[in-house]
Amino acid sequence: MIQARTVRTTIEFPENLYLSLSAFGLTQEVLARESRKLLALKFFREKLLSFGKAAELSGLSKWMFIDYLGENGVPVIDYDEQELEREIEVVGRVMGRMES
């Protein structure tokens, strides 16, 4: 199995800000984890990353990422009006076949 390579990025905080956050138990690890989740949320919402890639970036399972999106008011499925109408039409046809 080929292991994916990683790239490290850094977020710099002014020391006094980091000390304020760390007083609430926000360690460097917690800040890194929360930053990844927030970036994943933002990039998914802006359609820069697919659902799967955003979940991967977040470090959460796909099911947990769905919950995280919901907690933050971001829909998992974001159809425009035409896409939604097509989906409803397909479901109607499938349901009609099941009743026959």
Could you see if [X] belongs to whatever hydrophobic cluster contains [Y]? Use Ile, Leu, Val, Met, Phe, Trp, Tyr and a side-chain cutoff under 4.5 Å.
| X | Y | value |
| --- | --- | --- |
| Leu38 | Leu57 | no |
| Val30 | Leu19 | no |
| Ile77 | Phe51 | yes |
| Val76 | Phe65 | yes |

Using 0.5 Å steps for rounding, measure from the [atom1] atom of [X] to the [atom2] atom of [Y].
| X | Y | atom1 | atom2 | answer |
| --- | --- | --- | --- | --- |
| Arg33 | Arg36 | CZ | CZ | 10.5 Å |
| Met64 | Glu71 | CE | CD | 9.0 Å |
| Ser58 | Glu34 | OG | CD | 10.5 Å |
| Ser61 | Glu56 | OG | CD | 13.0 Å |
| Arg93 | Glu89 | CZ | CD | 4.5 Å |
| Ser50 | Phe44 | OG | CZ | 8.0 Å |

So does Gln28 have more than 12 non-hydrogen atoms from other groups sitting under 6.0 Å from CD?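 No.
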Answer whether the closest heavy-atom distance between the side chains of Val74 and Leu41 falls below 4.5 Å. yes
Check for a donor-acceptor pair, side chain of Ser22 on one end and backbone N or O of Gly25 on the other, with a separation under 3.5 Å. no
Please report the shortest heavy-atom distance between Ala55 and Lys62, naming the atom on each side. CB-CG, 4.1 Å
Can you name the residues that form a side chain to side chain donor-acceptor pair (under 3.5 Å) with Glu46, not counting sequence neighbours?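 Lys42.
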Geometric class of the Tyr18/Phe13 ring pair [parallel <30°, tilted 30-60°, perpendicular >60°]: tilted
Counterpart residues, salt bridge (charged side-chain N to carboxylate O under 4.0 Å, His left out), relative to Glu12 (two or more places apart):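 Scan of Glu12 (salt bridge (charged side-chain N to carboxylate O under 4.0 Å, His left out), adjacent residues dropped) gives none.
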